[in-house]
Amino acid sequence: MSIEVVLLGTGNPLPDRDRAGAATLVRAGGLTLLVDAGRAVCMRLAAAGVLPFMLDAVFVTHLHSDHICDLNDVVTTHWVMNPARKTLRIFGPPRTNEIMGGMRVMLRPDVEYRIAHHEDLDWEPDLDVAEVSRGVVFEENGVRVTAASTDHRPAEPTIGFRIEHGGRSVVLAGDTVPCADLDELCAGADVYVQTVLRDDLVEMVPMQRFRDTIDYHSTVVQAAQTAARGGVRTLVLTHQIPTPAPGAANEWIGIAREHFSGEIVFGEDLLTVSG
Ligand SMILES: [Zn+2]
Ligand SMILES: [Zn+2]
């Protein structure tokens with residue numbers, strides 16, 4: 001038994017032709033789980049053989065736009081493609097209900113149009129939203145999802161997830177600097193997926209708003225150090241800031257290598273990692 005992790009989108013907030021926004025697909029115990037729903041998530045899901053109505057649950061690490069900007073597409077497609085009424089479960093940090101309430105308002109004309117047009121569609125998107133902070137938040141089919149707080153201030157609260165099944169475990173940390181709860185979440189994990197930043201490169205960008213991002217993301221070095229402290233098997237670098245130049249993977253991996261001796265994977269869209 002294993003857990004399959006598909007990096008759906010490895011991009012950062014800057015639009016890029018080859019990298020979709022933050023989103024990761026996790027398959028375990030027959031369940032199909034989505035973590036974050038950034039730009040073009042439904043296109044990347046389709047490429048991974050998943051249509052939104054096949055999703056069993058969605059987990060949101062935090063409410064920054066680059067992690068949720070296409071969640072409305074997931075909601076609409078999950079709703080309109082389902083032959084029967086099916087609830088979409090969404091787990092996110094406090095204020096997720098606020099986001100989903102606003103989304104319902106945004107989608108109202110579309111929902112009215114489609115219900116008016118399709119005789120067999122007489123229900124609105126059925127969402128079960130749970131605001132979670134820490135501890136076990138989901139347990140089904142032998143799959144357990146644990147949340148822990150992360151540190152991405154002033155975006156707060158933010159959470160990371162550990163997904164376990166059959167003795168395997170993967171951690172989807174989201175955007176965070178190293179912190180004690182993240183260390184606990186990562187302890188002994190098979191796969192640790194971390195959004196990362198190269199401070200040496202970002203510091204050279206002559207734009208303060210871009211340099212501001214340094215203080216609330218893990219640098220590649222910090223991600224490697226977290227991986228080493230946790231004794232994880234595989235470190236996955238994703239959501240790279242700045243957008244890596246073509247062929248730069250080995251340089252990024254080399255920086256992490258100085259601090260972590262396990263497997264290091266440089267994230268690209270649709271790359272699959274086994275937990
Ligand atoms: Zn963020
Ligand atoms: Zn982000």
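All values reported here derive from a predicted model rather than from experimental measurement. We count ligands from 1, going down the list as the structure has it; atoms in each ligand are counted the same way.
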Q: May I ask you to decide if the ring planes of H217 and H152 are parallel, tilted or perpendicular, using 30° and 60° as cut-offs?
A: perpendicular

(Q) Out of the candidates V6, L8, L55, L34, only one should pair with V50 under the side-chain contact (heavy atoms from CB on, under 4.5 Å) rule; please name it. (A) L55

Q: Give a yes or no on whether a salt bridge exists between R108 and E124, defined as a side-chain N under 4.0 angstrom from a carboxylate O.
A: yes

(Q) Applying the side-chain contact (heavy atoms from CB on, under 4.5 Å) criterion to H78, which one of T76, N82, V80 satisfies it? (A) N82

**Q.** D126: partners by side-chain hydrogen bond (donor to acceptor under 3.5 Å, both in side chains), with sequence neighbours left out
**A.** R85, T87

Q) In terms of the angle between their ring planes, are F91 and F138 parallel, tilted or perpendicular, with boundaries placed at 30° and 60°? A) perpendicular

**Q.** Under 2.8 Å from the Zn ion (ligand 2) - protein N/O/S, by chain and number
**A.** D66 OD2, H67 NE2, D175 OD2, H239 NE2

